Amino acid sequence: MIAIRACEGFDELAACVALQIETWGYDETDVIPLKSFLLAQKIGGQVIGAFDSDIAAANPAQPAKSLVGFALSLPGVKTIHGQPHAYLHSHMLAVRQGHRDRGLGAQLKREQRRDALARGIRLMEWTFDPLEIKNAYLNIHRLGAIVRGYRVNFYGVSSSRLQGGLPTDRLLAQWHLDSPRVQAILDGRPVAAPVPGERILVPASIYQWKASEAGRERALAVQLENRGKFQQAFSQGLAVLGFVRDAEGNGVYQLGPLNQPDLN
Ligand SMILES: CC(C)(COP(=O)(O)OP(=O)(O)OC[C@H]1O[C@@H](n2cnc3c(N)ncnc32)[C@H](O)[C@@H]1OP(=O)(O)O)[C@@H](O)C(=O)NCCC(=O)NCCS
């Protein structure tokens, strides 16, 4: 049984920090420390955990060991039409290796959304690596986030092993939490397919290429080519509205003009 709930106490926050290091392999210059998790909780952000009750039962003296996933978000303010609006920036989502692909990542995001809406917050944003096919699929196809912005080398150099030494380019996902489109996608109801327009491909081999010295040049070439395509499409007012995987595991971003229902 998995419980999804807000983290409590220092031990659970320390378990988030440990899972963060296990997931990204960060060195001490990149790691988000326990104090920042604590602050996020105190200032209107979120630290939400996924807890496995079997692991808890096997470790009665250390219940925080049962943390198998977490989502961290920070509060932000945006000025829209001259008015300040609170929103959340989701900075990290991690699920322990052996617990992946069972829906926990999506459940953590749903709990972030539920908590945000309960507090009157209607927008959540986060950045993700455009080369990560799985994350794009989760963010766009499963959750209904849209993308209208590209950030070149957003974090500068990163010690993350998932980055493979490439520039930290990021897409900016926007999750309009109570839009009819997001609600329909989360309910499993059909939404209008994006008008056929620009399509941007990420080859399935990207994971291998990023992970090896020999493949890095090819991964960089894909990153640079796609960077140009995203920048051009966004400058023309297009948005990423869909993402599909083909039989070989390649990922395809589908871009089209943004309609009002995508935002409301
Ligand atoms: C991203 C992450 C949090 C997702 O957690 P998760 O619990 O595995 O996610 P879910 O099971 O809810 O959803 C994953 C979806 O991607 C699909 N998927 C798995 N591997 C995939 C791949 N190589 N390509 C495309 N989709 C893939 C799964 O089938 C699932 O979709 P489905 O529910 O339709 O079957 C987890 O993989 C992780 O911790 N990754 C490392 C850290 C990271 O990249 N975090 C996000 C950026 S901050």
Side-chain angles (χ1 to χ4, degrees), residues 2-4 15-26 30-32 36-37 40 45-52 67-74 88-114 124-145 147 151 154-155 158-164 166 168-175 185-188 190-191 200-211 219 222 240 242-254:
I2 303 287
I4 307 281
C16 291
V17 177
L19 180 51
Q20 173 196 180
I21 294 168
E22 182 182 313
T23 303
W24 282 276
Y26 284 144
D30 277 330
V31 76
I32 306 279
S36 299
F37 280 80
Q46 300 168 321
V47 185
I48 294 171
F51 298 88
D52 183 327
L67 182 106
V68 294
F70 74 89
L72 165 71
S73 74
L74 303 164
L88 287 167
H89 182 89
S90 181
H91 183 52
M92 284 183 162
L93 174 70
V95 172
R96 178 160 287 157
Q97 193 85 49
H99 283 74
R100 290 185 189 163
D101 298 329
R102 299 192 212 166
L104 295 191
Q107 280 186 53
L108 284 161
K109 297 302 293 181
R110 281 172 182 260
E111 177 56 17
Q112 283 186 313
R113 174 177 178 269
R114 188 205 61 75
M124 179 174 288
E125 293 187 345
W126 62 92
T127 62
F128 69 99
D129 183 342
L131 301 180
E132 289 286 328
I133 296 172
K134 176 180 174 180
N135 294 2
Y137 178 79
L138 175 63
N139 294 336
I140 297 157
H141 181 76
R142 300 280 287 156
L143 300 173
V147 180
R151 306 284 183 264
F154 186 55
Y155 295 112
S158 169
S159 62
S160 163
R161 76 170 83 86
L162 304 183
Q163 196 58 43
L166 297 183
T168 50
D169 283 22
R170 293 291 182 267
L171 288 171
L172 179 66
Q174 296 183 319
W175 204 20
I185 287 173
L186 293 180
D187 291 348
V191 288
I200 299 177
L201 182 105
V202 183
S205 329
I206 197 78
Y207 290 108
Q208 268 165 271
W209 296 343
K210 271 170 91 175
V222 174
V240 175
F243 187 87
V244 289
R245 302 176 293 185
D246 66 17
E248 282 82 48
N250 304 304
V252 182
Y253 290 92
Q254 301 173 315

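In each ligand, atom 1 is the first atom listed, and ligand 1 is the first ligand listed. Remember, predicted model here, so these are calculated numbers, not experimental data.
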Below 4.0 angstrom from a heavy atom of [X], which ligand 1 atoms are there? Numbered from 1 as shown, please.
{"X": "I133", "value": "24 (N), 25 (C)"}
{"X": "T23", "value": "41 (C), 42 (C)"}
{"X": "A94", "value": "39 (O)"}
{"X": "L104", "value": "7 (O), 12 (O)"}
{"X": "R102", "value": "11 (O)"}

Side chains of [X] and [Y]: does their closest heavy-atom pair fall under 4.5 Å?
{"X": "R170", "Y": "D129", "value": "yes"}
{"X": "S160", "Y": "Y155", "value": "no"}
{"X": "R114", "Y": "I4", "value": "no"}

Mind checking whether [X] has a heavy atom under 4.0 Å from ligand 1?
{"X": "W24", "result": "yes"}
{"X": "G249", "result": "no"}
{"X": "R245", "result": "yes"}

Return the residue, atom name and 0.1 Å-rounded distance of the protein heavy atom closest to [atom].
{"atom": "atom 15 (C) of ligand 1", "result": "Y137 CD2, 4.0 Å"}
{"atom": "atom 39 (O) of ligand 1", "result": "V95 N, 2.9 Å"}
{"atom": "atom 7 (O) of ligand 1", "result": "G105 N, 2.8 Å"}

* Asked: Protein heavy atoms: any of them under 4.0 Å from atom 18 (N) of ligand 1?
  -> yes
* Asked: Could any protein non-hydrogen atom be found less than 4.0 Å from atom 36 (C) of ligand 1?
  -> yes
Tell me whether [X] has any N or O atom under 3.5 angstrom from an N or O of ligand 1.
{"X": "L93", "answer": "yes"}
{"X": "A106", "answer": "yes"}
{"X": "D101", "answer": "yes"}
{"X": "G103", "answer": "yes"}

* Asked: Considering L19, L138, T127, which one's heavy-atom position lies nearest to atom 13 (O) of ligand 1?
  -> L138
* For atom 21 (C) of ligand 1, which candidate among K134, R142, R100, R170 holds the nearest heavy atom? ->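 It is K134 whose heavy atom sits nearest to atom 21 (C) of ligand 1.
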Hey, is the main chain of [Y] close enough, under 3.5 Å, to the side chain of [X] for a donor-acceptor pair?
{"X": "Q20", "Y": "I32", "result": "yes"}
{"X": "Y253", "Y": "P130", "result": "yes"}
{"X": "D52", "Y": "I2", "result": "no"}
{"X": "R110", "Y": "L186", "result": "yes"}
{"X": "R100", "Y": "V95", "result": "yes"}
{"X": "N135", "Y": "F128", "result": "no"}
{"X": "R142", "Y": "I185", "result": "no"}

* **Taking every non-hydrogen atom, the tightest pair across S73 and L88** =>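 That would be OG-CD2, 3.8 Å.
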* Asked: Side chains of W126 and N139: donor-acceptor distance under 3.5 Å anywhere?
  ->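 Side chains of W126 and N139: pair found under 3.5 Å.
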* Under-4.0 Å heavy-atom contact with ligand 1, by part of N135 that carries it ->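 It is the side chain that touches ligand 1; the backbone stays farther off.
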